[in-house]
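First up is the structure itself, then whatever we jot down about it.
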Amino acid sequence: MERTELTHPKYRSDIDGLRAVSVFAVVIYHAFPAVIAGGFIGVDLFFVISGYLISSIIFENLAKGTFSFSEFYMRRIKRIFPALLLVFVFCLVFGWYALLANEYKQLGKHVLSGASFVSNFVLWGEVSYFDNASETKPLLHLWSLAIEEQFYLIWPFMLWLLWRWKLNLLVITFVIAVLSFGLNISGIERSESEIFYSPYTRFWELLCGSLLAWFVLNKATFFATLKKHSASSFVFNVLSFVGIGLIGSGFWVIDKTSVFPGYWALLPVIGAVLIIFAGPNAWFNRTVLSNRVLVWFGLISFPLYLWHWPLLSFARIVEGDVPSFTIRMVVVCLSIGLAWVTFRFIESPIRQGRISQSLRYALIGLMIFVGVAGYSVDHFNGFESRRFMLEMTERNEDLKFNFSNKEGWLCDELIYEGARCYYEGESPSVVIVGDSHVPTIYSGLRGLYSGQNKGIGVFGGGDGCPPLLNVVSKSHSGPEERGCIQKTTASMLRLMEEDSVKEIIFSSRGPIYTTSKGFGNFDGDAFDSWVIRFDGEDQGFRSNEEVFEMALLQTFDAFIKAGKKVTYLYDVPELGFDISSCLSNRPFTISGKVRSPCAVSRAEFDLRNKDFRAMIKRVLIHYPSIRTIDLAEALCDEDWCYGAKDGVPFYIDDDHLNRRGSDYVVNRLKDQFF
């Protein structure tokens, strides 16, 4: 059967130059984020370029009657699969020797989602309070490739149907783009992560390239007339400069705190459209973007994009902290070298050569095989049976804790997903309420209270839910936690009614709720723009600190009026780094350094907590009967707040105590609990 050859738009070196600008921005942002605060918008430039080129192929071949779905998708496979397969194999092999079990398990899941081009949905689903920092996900960057592939699956069929039905392709493309942009704007305040990762709120960027492709292909007469006009050169030059100005301003004005994509995405999208529209003869396009160096980087932009992030991420993981400037420079250079090798010896021969049908199916088979390998890594929990993992698991077994919700007592009344309920004793008289830090301190307290013939329990609450009545907790990077009303507020109201409960202990990681910021390098931007508000009030009506202070007053009032004894725990220090950086657990490291001392300076801890603790003290002035216990006293001296001592870690990550750490803190402060 004779293959149908698809015609392609004439090659434009300036578009490869624009690709180079895009990939430079992304790579520099990932390696040196302070240099280009908005470098991540390079991905949006890629979206416009992809939409333009792919739609040009589809429009032109539909018009000529030469469009073939099989040829279209085989070309996509030739373009994407070879380099992607190589990166997947590298990640799985390197991860086997360098990653801990939980890290390797997550990598396996991301390989599977990457191979099936649904990474954006998987990453969207992972956004939560306990989600690890984005820098420790080697395949995080595949979310954008997934969106492009989803576009490639949907858009050709839509255009083909519209063309068969003889409908106006321009009008319908415009309407769909507007609807997609509208979903982006209308949902951005509700859940930034959903809008960021959802294809339906990103397709408008690719469709802007599609609209441009239609206009260029169908208005050839218009362009021919315009080019004959004496002012045409000036017009196209202006458009090109305006385009690069919009992109440049986006690089410097947009940063990770911006509500993105939203309206901000218009800067790179419109900028890219104007540059492509200006054509190859505009001065900037002809002189700068068509420069041989930029074109070369444009040609290797896809493998460079694929390689740079896994290498940076692995460096971040094995170092246990942000790698040094030298390491990051070496990684960037290595990424460029690997990208060239991939392009020269793998991608280019396959793309430009006439490969056999069997080789095409082999690429598909290999992608399926890699996906199955990723599934296996995830399913078998990162292969804990690896030799070094067995040794480490045995060595660190007593550092963990794991509680399962119990039945009986009040636990049977909890119907909300994510609510916590476990206890010691048949009818606990002491109950701890709060966020994810509650189980960590309960781990040590349950033995202490059992020894005093008192029951202690945890009731309600959940990750990212401070122990405050009628307060909604959310992050711009995650879904709104109105579940905190159902879990924490509902649980606390029930505790007020329970006569057997005599004392309530409050605990939470306070400063993230009042400052809207995580702490140190480990959190990354996971908690940026965290918002708390009263249920029923608009977001931003009050500041986070004002909400926390007012809600804490109301919460204390309610429990004291209910006749409960109240204890408030000032929380343990946040370390700001991954506790694994203090241990020599990994069989592979770059610099081989181990953090010493395993501690955050007392000055940093005091600065981080100064305003929060001052606010708590303002509240406590009104309640002389409330007892306070400062958990940090057990871990801090005048100079340091320790995450480990004598080689024994007290934390699971950067802010949650492990079992031994909880026992250590409680034993040092046990006299204060009675």
Side-chain angles (χ1 to χ4, degrees), residues 409-416 419-421 423 425-435 437-438 441-442 445 449 452 454-462 465-473 481-510 513-514 532-537 541-571 612-631 672-674:
W409 186 52
L410 302 180
C411 297
D412 295 337
E413 300 180 17
L414 285 177
I415 60 174
Y416 309 114
R420 303 176 181 279
C421 194
Y423 57 92
E426 292 187 6
S427 184
S429 60
V430 180
V431 177
I432 313 175
V433 294
D435 58 15
H437 284 207
V438 162
I441 197 63
Y442 167 76
L445 285 174
Y449 276 78
Q452 298 290 324
K454 294 183 178 181
I456 185 169
V458 173
F459 185 65
C465 294
L468 303 171
L469 286 171
N470 301 315
V471 167
V472 173
S473 179
E481 286 291 335
R482 197 177 183 283
C484 294
I485 300 294
Q486 299 170 324
K487 289 180 286 190
T488 303
T489 296
S491 299
M492 290 195 294
L493 291 173
R494 179 65 183 86
L495 290 173
M496 293 177 199
E497 302 171 353
E498 186 62 31
D499 292 336
S500 64
V501 175
K502 306 300 182 184
E503 180 180 0
I504 304 295
I505 298 177
F506 292 89
S507 179
S508 71
R509 183 184 176 185
Y513 303 114
T514 55
I532 58 174
R533 62 173 176 82
F534 283 108
D535 192 27
E537 285 189 351
F541 181 76
R542 304 178 198 272
S543 69
N544 279 21
E545 186 170 358
E546 184 181 5
V547 171
F548 200 104
E549 185 169 354
M550 290 179 62
L552 195 60
L553 283 163
Q554 295 172 11
T555 303
F556 285 164
D557 275 341
F559 275 99
I560 289 173
K561 288 178 181 178
K564 309 299 182 184
K565 179 182 177 181
V566 175
T567 297
Y568 185 84
L569 303 183
Y570 288 106
D571 200 24
F612 178 77
R613 291 194 170 207
M615 180 266 291
I616 297 296
K617 290 176 181 177
R618 287 198 304 270
V619 171
L620 291 174
I621 289 174
H622 302 285
Y623 307 99
S625 65
I626 293 180
R627 176 179 57 167
T628 63
I629 300 174
D630 188 352
L631 301 181
Q672 298 186 39
F673 283 94
F674 300 106

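What you see is a predicted model; the values in this text were computed from it and never measured.
- Using a 4.0 Å cut-off between a side-chain N of Lys or Arg and a carboxylate O of Asp or Glu, Lys487 and Glu413 do not qualify as a salt bridge.
- In this structure, the separation between CG on Leu495 and CG on Leu410 is 6.5 Å, given to the nearest 0.5 Å.
- Counting all heavy atoms, side chain and backbone alike, Thr488 lies closest to Pro467 at CG2-CA, 3.9 Å.
- Here the side chains of Thr555 and Val471 are not in contact, with every heavy-atom distance at 4.5 Å or above.
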*Before giving the answer on side-chain contact (heavy atoms from CB on, under 4.5 Å), spell out for Ser491 and Leu414 the whole-Å C-alpha distance, their side-chain angles and the decisive distance to 0.1 Å.*
CA-CA 8 Å; Ser491 299; Leu414 285 177; 3.4 Å; yes
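- Looking at every heavy atom in both residues, Lys564 comes nearest to Val501 through NZ-O, 2.7 Å.
- Using a 4.5 Å heavy-atom threshold, the side chains of Ile629 and Tyr570 count as separate.
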*Passes side-chain contact (heavy atoms from CB on, under 4.5 Å), Phe556 versus Val619? Steps please.*
CA-CA 9 Å; Phe556 285 164; Val619 171; 3.8 Å; yes
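- The two residues Ala490 and Gln486 make their nearest non-hydrogen contact at CB-O, 3.0 Å.
- Using a 4.5 Å cut-off on side-chain heavy atoms (C-beta onward), Val431 and Val458 make no contact.
- Annotation for Val438 and Ser507: closest pair CG2-O, 3.8 Å, computed over non-hydrogen atoms.
- Under the 3.5 Å distance criterion, with hydrogens and angles disregarded, a donor-acceptor pair is assigned to the side chains of Ser500 and Glu498.
- There is no side-chain donor-acceptor pair under 3.5 Å between Ser429 and Glu503.
- Taking the six-membered ring where tryptophan is involved, the planes of Trp409 and Tyr423 are tilted, since the angle between them lies from 30° to 60°.
- Considering only heavy atoms from C-beta on, Asp557 comes within 4.5 Å of Tyr623 through its side chain.
- Looking only at side-chain heavy atoms (C-beta outward), Lys565 and Lys502 stay at 4.5 Å or farther from each other.
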